[in-house]
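The structure appears right after this line, and notes come after that.
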Amino acid sequence: MVMVNISLEPPLRISAPRALDLDPEDYPSLVMEACESLAEAGCRFRMGGFGQDDWGLDVGYDLSSVVEQLPDLLAALRAGTKAELDMYTQGVERSLVFDPRGNLVVIRCFSQTSWVPMPDEVVQKRFEIVAMLEKLARAFGEAIAIADPAIGRLRPFDLWRKGIV
């Protein structure tokens, strides 16, 4: 049984071309631009768990906050070290702390709003969490290649699309 779920549905259409001067070295800006393109293209981002199946997140801002942290989160989980995913957007304002313990990961949810996670802690297999996050990265790479090919050709999105996460 999956306790925490994160997914991205592909775009419905190609977004309007963005006439932007993108700096391939500025990962946070690339992610923000990519997420704006994905939002315009009709992608859907879902995340749920801790008693709420769908957190009602948006692609333009909420997905951006997750993808900005995705490489570090994956690296920590693969290394078996503790990591945090900060869902800092207004209205969401919660964080997930991933604490690997061998083949398992204890995930604690902390809310800074009136929403109360039920339960506030779940345990999942580490390989399942890593696989879910790798699938999110691949889906992101595939989606941005469709929605905005100029951004989709940039690293790391081009590698993610190929399954190199």
Side-chain angles (χ1 to χ4, degrees), residues 1-10 25-36 38-39 43-144 151-152 154-165:
M1 175 167 77
V2 175
M3 304 300 281
V4 174
N5 190 22
I6 303 172
S7 65
L8 179 67
E9 294 176 16
E25 302 299 316
D26 186 358
Y27 179 72
S29 292
L30 288 178
V31 170
M32 286 187 281
E33 292 300 329
C35 287
E36 284 184 32
L38 292 175
C43 275
R44 302 218 31 210
F45 172 54
R46 292 182 200 243
M47 189 167 177
F50 301 95
Q52 186 178 12
D53 290 336
D54 188 347
W55 290 0
L57 304 178
D58 71 34
V59 171
Y61 200 66
D62 297 319
L63 177 60
S64 177
S65 71
V66 171
V67 174
E68 283 177 24
Q69 300 170 76
L70 187 57
D72 291 339
L73 178 59
L74 268 168
L77 288 169
R78 288 174 176 151
T81 59
K82 198 172 186 177
E84 181 176 356
L85 178 60
D86 186 8
M87 305 292 299
Y88 52 80
T89 57
Q90 187 174 2
V92 179
E93 301 167 74
R94 58 192 77 157
S95 61
L96 300 178
V97 175
F98 296 80
D99 188 5
R101 298 180 186 173
N103 293 327
L104 301 175
V105 178
V106 176
I107 308 167
R108 296 221 34 182
C109 183
F110 299 92
S111 174
Q112 289 84 44
T113 66
S114 60
W115 176 75
V116 177
M118 296 278 212
D120 65 352
E121 181 179 289
V122 297
V123 178
Q124 287 185 243
K125 294 178 181 172
R126 184 161 43 141
F127 82 89
E128 291 174 346
I129 299 293
V130 170
M132 178 180 60
L133 295 172
E134 289 173 343
K135 183 177 178 182
L136 174 65
R138 278 192 306 275
F140 190 92
E142 291 167 359
I144 196 58
I151 296 174
L154 300 174
R155 296 239 158 132
F157 312 133
D158 63 332
L159 295 175
W160 291 0
R161 184 177 69 251
K162 298 172 187 171
I164 304 167
V165 181

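Computed from a predicted structure; not experimentally measured.
A 4.5 Å side-chain heavy-atom check between Phe127 and Leu77 finds every atom pair outside the cut-off. No side-chain heavy atom of Leu96 sits less than 4.5 Å from a side-chain heavy atom of Glu84. A heavy-atom distance below 4.5 Å is not found between the side chains of Leu63 and Leu57. At least one side-chain heavy atom of Val97 sits less than 4.5 Å from a side-chain heavy atom of Lys82.
Of all heavy-atom pairs spanning Val66 and Leu85, the tightest one is CA-CD1, 4.1 Å. A pairwise comparison of heavy atoms in Leu136 and Phe45 identifies CD1-CE1, 4.5 Å as the closest pair. In this structure, Ala34 and Ile144 approach most closely via the heavy-atom pair O-CD1, 3.6 Å. In plain terms, the two heavy atoms of Leu73 and Ala83 that are nearest each other are CD1-CB, 3.7 Å. Residues Val165 and Ala137 share a closest heavy-atom pair of CG1-CB, 3.6 Å. In terms of heavy atoms, Trp115 sits closest to Cys109 at CZ3-SG, 3.7 Å.
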Passes side-chain contact (heavy atoms from CB on, under 4.5 Å), Phe50 versus Val116? Steps please.
CA-CA 9 Å; Phe50 301 95; Val116 177; over 6 Å; no
Determine, step by step, whether Ser64 and Glu68 satisfy the side-chain hydrogen bond (donor to acceptor under 3.5 Å, both in side chains) criterion, reporting the C-alpha distance in whole Å, the side-chain angles of both residues, the deciding distance to 0.1 Å, and the verdict.
CA-CA 6 Å; Ser64 177; Glu68 283 177 24; 3.2 Å; yes
Where do Asp99 and Val105 land on the side-chain contact (heavy atoms from CB on, under 4.5 Å) test, with the steps shown first?
CA-CA 5 Å; Asp99 188 5; Val105 178; 5.6 Å; no
Applying side-chain contact (heavy atoms from CB on, under 4.5 Å), run through Ser95 and Gln112 and close with a yes or a no.
CA-CA 8 Å; Ser95 61; Gln112 289 84 44; 4.3 Å; yes
Can Asp86 and Phe110 be said to form a side-chain contact (heavy atoms from CB on, under 4.5 Å), step by step?
CA-CA 10 Å; Asp86 186 8; Phe110 299 92; over 6 Å; no
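Under a 3.5 Å cut-off, the side chain of Gln69 and the backbone N or O of Ser65 do form a donor-acceptor pair. In this structure, the side chain of Glu128 does not engage the main chain of Arg126 through any donor-acceptor pair within 3.5 Å. Judged purely by atom type and a 3.5 angstrom limit, Thr81 uses its side chain to pair as donor or acceptor with the backbone of Ala76.
We find the CZ-CZ distance between Arg101 and Phe98 to be 13.5 Å, quoted to the nearest 0.5 Å. Atom SG of Cys43 is separated from atom CG of Leu8 by 5.0 Å, given to the nearest 0.5 angstrom. Ile107 contributes atom CD1, which lies 12.5 Å from atom CG of Asp120 (distance to the nearest 0.5 angstrom). Atom CE of Met87 is separated from atom OG of Ser111 by 11.5 Å, given to the nearest 0.5 angstrom. Between atom CD of residue Gln124 and atom CE of residue Met3 there is a gap of 7.0 Å, rounded to the nearest 0.5 Å. To the nearest 0.5 Å, atom OH of residue Tyr61 and atom OG1 of residue Thr89 are 7.0 Å apart.
Residues Arg108 and Glu121 are paired through a salt bridge, judged by an N-O separation under 4.0 Å between the basic side chain and the carboxylate. The pair Arg155-Asp158 meets the salt-bridge criterion, with a side-chain N (NZ, NE, NH1 or NH2) lying under 4.0 Å from an Asp/Glu carboxylate O. Between Arg78 and Glu134, at least one side-chain nitrogen of the basic residue sits less than 4.0 Å from a carboxylate oxygen of the acidic one, meeting the salt-bridge criterion.
The list of salt bridge (Lys or Arg N to Asp or Glu O under 4.0 Å) pairs with a residue in residues 52-63, not counting sequence neighbours, reads Arg46-Asp54.
Below 30°, between 30° and 60°, or above 60°: for Phe140 and Trp160 the angle between ring planes is above 60°, a perpendicular geometry.
Both the sub-6.0 Å distance and the 45° axial angle are satisfied by Arg94 relative to the ring of Trp55.
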